[in-house]
Amino acid sequence: MKTKLLRTRPADIAEAGGLLAAGQVVAIPTETVYGLAANALDGDAVLRIFEAKGRPQDNPLIVHISALEQLEDLAEDLSPAVYQMAEHFWPGPLTMVVKKKAVIPDRTTAGLDTVGIRMPSHPVARAIIDAAGVPLAAPSANTSGKPSPTTARDVLDDMNGKIPAIVDGGACSVGVESTVVDMTGDWPQILRPGAITEEMIAEAMGAASTDRATLEGLSDDAKVRSPGMKYRHYAPKAPVILYEGSPWDTFCGILEDMNQPWTGVICFEEFLPAIKESKSRLVYSLGYSWDHAEHARRLFSLLRRFDRTQARRILVQCPRTVGANAGTVNRLRKAAGFRSVDCKKGRRVIGVTGRSGSGKSLLSQQLQSMGAQVLDADKVYAQLLKTDNPMTRMLCHHFPGVWKEGVLDRKKLADIVFSDPKALETLNFITHSQVKAQMHHTVEHSDSKLIVLDVPLLFESGIDQLCDLTLAVLADREGSLARIMKRDGIDRPRAEARLNSQPHDDFYRARADLLLHNTGTLAQFEEKVDTFVKKYCK
Ligand code: TXA
Ligand code: MG
């Protein structure tokens, strides 16, 4: 069979729809990964998917729809929670497991009485579902066991000659498969982590949990709630070894272990030069250590890229293992067969950030009262200014006019850097690197099991690299203004000017592992802090 590459013009969509309506298999783009689609209501068509993928017949498929009405044609006993979840997260990277109706053949669900249903957000996927006029069963479009495909080229590598057509919709924007959530119980339970995180579901629904099997390996005879959990997955040819811990600690771990020839490395962008320099040329970047969306986008294509090299083993710098990274970390652990090197040194370092007046010091205080060692970046900076050290020497050199009898005139310095972007860059480079070095030193020599780094510019300074977990506290503007005015005794225009100079929520949303919303009453925030501490600071 010759595999035709279709594009996304109306005629291409119509052709794909026609093939699907006629019982054929077509690979289609979605926002998560490419899917291998066929009519979900036609057992013979579905069988062709299993054949093309080489997939075990006991692993059920996800059924894709383009409108909420279609859900009721396929599933029954739908709880209000299902509609609430749909309202929040559909269309998008979420699959809900619900009780199936008899129209869905056993082959689609591998004999289960439940079915996984997803409404993708990718406009091409939706247009193809509409053109086919039927719901589409679609697993990821890879050969069973290999990393999922995120480009049409990856699909072609696995499916050339096995299916009649691939629709090329460009690279997938999410990059890991949808979050699979069991909606048949009392609250949503995650069976496969993805871009819709446990924290997002808990925020929307009040409660959510994650099946333990997503976090650790399973014994061969274990009974699993989602058959996909038990198969070897996402594996490139060479074995994958995962380094877990803060970005800095995993970087050190990998540097020590990469002596053997033909060692491949996947590391964060900021460590790429140092690792490339040291030995291996088989080094690829997963993106900056804070950029969880980029990690998800790059992961599968990087794993596939190693299959085209001579690498005999692949060392991977694992993103931080909580919150927003859950999907990427789960795929990496599976690719590594749950083998990882623990670089954590028996302590936990939590980075806390957010705008002025967000309430982050309340969180730090709470952690301190529980015995955590808290390092406040502003205080570290102020302390450094008092002594002769590399930071003060560099500041003297670059900003000679702002010192009076050994004391820094902060107002004068501020006037200079706020009117000269180059000067600001120099100042930031000096202070960030030196405050980071000082904090690093303290962390390395601390006996504390729990260390909190309270840093307004956590990501800008690179201090997040020292952390096992990063948390941003987000507050509404009015609440923050009130707190700043009260605490610092300044008027509203000055408090506003300060807030305006700081990043928007989206900045923190894109970088922090976890978010804590300080939007209700103080008591509500304290309760959230309490929940956070119990869950993540043990
Ligand atoms: O993002 C995605 O979900 C992609 C795109 C193409 O939509 N699809 C995808 O399908 O990843 P697949 O077949 O590769 O993975 C489906 C996962 C498997 O782990 C399977 O065991 C689980 O969903 N699953 C499907 N139906 C289920 C059910 N009724 N109960 C429990 N788990 C189910
Ligand atoms: Mg798959």
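Both counts, for ligands and for their atoms, begin at 1 and track the order of listing. Count residues from 1 along the sequence.
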Polar proximity ligand 1 side, [X] side, N/O cut 3.5 Å exclusive:
X      : answer
Lys53  : no
Thr32  : yes
Ser178 : yes

Smallest heavy-atom separation, Met96 atom then Val82 atom, equals CE-O, 3.4 Å

Closest non-hydrogen contact found for Tyr234 with Ser148 is CE2-OG, 3.8 Å

OH (Tyr83) and CG (Leu71) are apart, to the nearest 0.5 Å, by 5.5 Å

CG of Asn142 to CD of Glu177, rounded to nearest 0.5 Å, is 7.5 Å

inquiry  = Does either side chain, that of Ser285 or that of Glu269, offer a donor lying less than 3.5 Å from an acceptor on the other one?
reply    = yes

- prompt: Any side-chain donor paired with an acceptor under 3.5 Å for Thr519 and Asp476?
  reply: no

Heavy-atom contacts with [X] under 4.0 Å: which atoms of ligand 1 show up? List them by number with element.
X      : result
Val115 : 29 (N)
Arg55  : 12 (P), 13 (O), 14 (O)
His64  : 5 (C), 6 (C), 7 (O)
Ala138 : 6 (C), 8 (N), 10 (O)
Leu112 : 28 (C), 29 (N), 30 (N)
Gly35  : 6 (C)

Within a distance under 2.8 Å of the Mg ion (ligand 2), the protein atoms of type N, O or S are Ser140 OG

Side chains of [X] and [Y], heavy atoms from C-beta outward: is any pair under 4.5 Å?
X      : Y      : answer
Val103 : Asp73  : no
Asp249 : Lys344 : no
Arg333 : Val240 : no

So for Thr114 against ligand 1, with non-hydrogen atoms under 4.0 Å, the contacting part is both

Test salt bridge (Lys or Arg N to Asp or Glu O under 4.0 Å), reference Glu76, set Lys99, Lys100, Lys101, output is Lys99

Side-chain donor-acceptor pairs of residues 14-25 under 3.5 Å, sequence neighbours excluded:
residue	atom	partner	partner atom	Å
Glu15	OE1	Lys4	NZ	3.3
Glu15	OE2	Lys4	NZ	2.7

Worksheet item: Is Arg511 positioned over the aromatic face of Phe507, cation under 6.0 angstrom from the ring centre and no more than 45 degrees off axis?
Response: yes

- Query: Is Lys100 near ligand 1, meaning one of its heavy atoms is under 4.0 Å from it?
  - Reply: no

- prompt: Hey, does Ile62 sit under 4.0 Å from ligand 1 if you only count heavy atoms?
  reply: yes

Filtering Gly175, Ser140, Pro60 for the heavy atom nearest atom 14 (O) of ligand 1 leaves Ser140

